[in-house]
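Just below is one structure, and these are the notes that go with it.
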Amino acid sequence: MAQSFSILTYKHRYQKAAIVSLQGEPTLLYSHQEFNNLLEALERQKITLFSECRSGFCGACKTKVNSGKVYYVTEPLVHLEQGECLPCCCVPNGDLDLDLPTTTP
């Protein structure tokens, strides 16, 4: 009697959590399961960043990116210059360094 075996495959793609640094200082690990956007992750770490609409319309949270890239969950309607992002509607696409202070005044 021949036995038949099923081959199980695990399709979940492991993705390294992005390290988000502020002015070169590692500040947080970004987990896509834990946060909806970069602004939410920064606020959880007590990093104060002015924001108003929280959806990419106003541009109040516009932030300079020193290195790395972001992926937009919601397309921003505000004009962004090269090297800028809107944390309210994006997530890190790998390690990211933002031009934000690690402490608030």
Side-chain angles (χ1 to χ4, degrees):
M1 177 184 247
Q3 290 182 328
S4 72
F5 294 97
S6 299
I7 297 176
L8 300 174
T9 58
Y10 190 67
K11 294 184 178 183
H12 180 74
R13 188 175 139 211
Y14 288 102
Q15 185 175 15
K16 175 186 158 297
I19 298 170
V20 178
S21 300
L22 304 182
Q23 296 179 344
E25 185 176 321
T27 304
L28 66 98
L29 280 176
Y30 186 91
S31 164
H32 293 281
Q33 290 82 20
E34 192 174 351
F35 305 111
N36 294 317
N37 57 53
L38 187 54
L39 179 61
E40 187 179 290
L42 291 167
E43 288 175 337
R44 181 98 43 98
Q45 290 295 316
K46 308 291 188 229
I47 304 300
T48 303
L49 181 61
F50 183 72
S51 63
E52 287 185 1
C53 74
R54 299 183 158 268
S55 57
F57 295 119
C58 73
C61 66
K62 194 181 291 188
T63 302
K64 185 176 182 298
V65 176
N66 293 330
S67 65
K69 294 183 180 182
V70 296
Y71 169 79
Y72 284 94
V73 179
T74 305
E75 179 115 14
L77 295 178
V78 171
H79 173 73
L80 294 170
E81 297 293 329
Q82 183 71 24
E84 292 180 329
C85 75
L86 291 179
C88 70
C89 59
C90 73
V91 296
N93 190 9
D95 293 347
L96 184 65
D97 183 31
L98 301 173
D99 191 22
L100 291 172
T102 57
T103 58
T104 55

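Atom set for the values below is all heavy atoms of this structure, side chains included, hydrogens, waters and symmetry mates excluded. Residue indices begin at 1 and follow the sequence shown.
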- Item | Minimum heavy-atom distance Ser51-Ala60, with the two atoms named | CA-CB, 4.1 Å
- One should read off an interatomic distance between Lys64 NZ and Gln82 CD, to the nearest 0.5 angstrom, of 10.5 Å
- Message: side-chain contact (heavy atoms from CB on, under 4.5 Å), that's the test. Do Leu49 and Leu39 meet it? Break it down for me.
- Response: CA-CA 8 Å; Leu49 181 61; Leu39 179 61; 3.8 Å; yes
- Message: Please report the interatomic distance CZ(Arg54) to CD(Glu40), rounded to the nearest 0.5 Å.
- Response: 8.5 Å
- Closest contact, heavy atoms only, Cys88 versus Gly56: SG-N, 3.3 Å
- Task: For the pair Thr63 and Cys85, evaluate side-chain contact (heavy atoms from CB on, under 4.5 Å) and give the outcome as yes or no after the intermediate values.
- Result: CA-CA 5 Å; Thr63 302; Cys85 75; 4.3 Å; yes
- Query: Quick one: do Tyr71 and Val65 end up in the same hydrophobic cluster if we chain Ile, Leu, Val, Met, Phe, Trp and Tyr together by side-chain heavy atoms under 4.5 Å apart?
  - Reply: yes
- Test item: side-chain donor near acceptor, Asp99 and Gln23, under 3.5 Å: yes
- Between the side chain of Glu84 and the main-chain N/O of Glu81, is any donor-acceptor distance below 3.5 Å? yes
- Message: Please determine whether the number of non-hydrogen atoms from other residues, nucleotides or ligands lying under 6.0 Å from atom NZ of Lys69 exceeds 12.
- Response: no
- Task: List in chain and number order the residues that pass ring-ring contact (aromatic ring centres under 6.0 Å, His included) with Tyr30, two or more places apart in sequence or in another chain; answer none if no residue qualifies.
- Result: His32, Phe35
- Item | Verdict with reasoning, Leu96 to Leu38, per side-chain contact (heavy atoms from CB on, under 4.5 Å) | CA-CA 10 Å; Leu96 184 65; Leu38 187 54; 3.7 Å; yes
- Message: Show, in sequence, the C-alpha distance, side-chain angles and deciding distance for Leu100 and Leu42, and conclude whether the side-chain contact (heavy atoms from CB on, under 4.5 Å) test is met.
- Response: CA-CA 10 Å; Leu100 291 172; Leu42 291 167; 4.0 Å; yes
- Query: Does Ser67 offer a backbone N or O that forms a donor-acceptor pair with the side chain of Asp97 under 3.5 Å?
  - Reply: no
- Indicate yes or no: at least one non-hydrogen side-chain atom of Leu86 is less than 4.5 angstrom from one of Cys61. yes
- Task: Kindly work out whether a path of hydrophobic side-chain contacts (I/L/V/M/F/W/Y, heavy atoms less than 4.5 Å apart) joins Val78 to Phe57.
- Result: no
- Query: If you link I, L, V, M, F, W and Y whenever their side-chain heavy atoms are under 4.5 Å apart, who else ends up in the same group as Phe50?
  - Reply: none
- Message: Here's a test for you: under side chain to side chain contact (heavy atoms under 4.5 Å, CB included), which of Ile19, Val20, Leu22 qualifies with Leu28?
- Response: Val20
- Item | CG on Leu29 to CD on Glu34, rounded to 0.5 Å | 9.5 Å
- Main-chain N/O of Asp95 paired to Lys16 side chain as donor or acceptor, under 3.5 Å: no
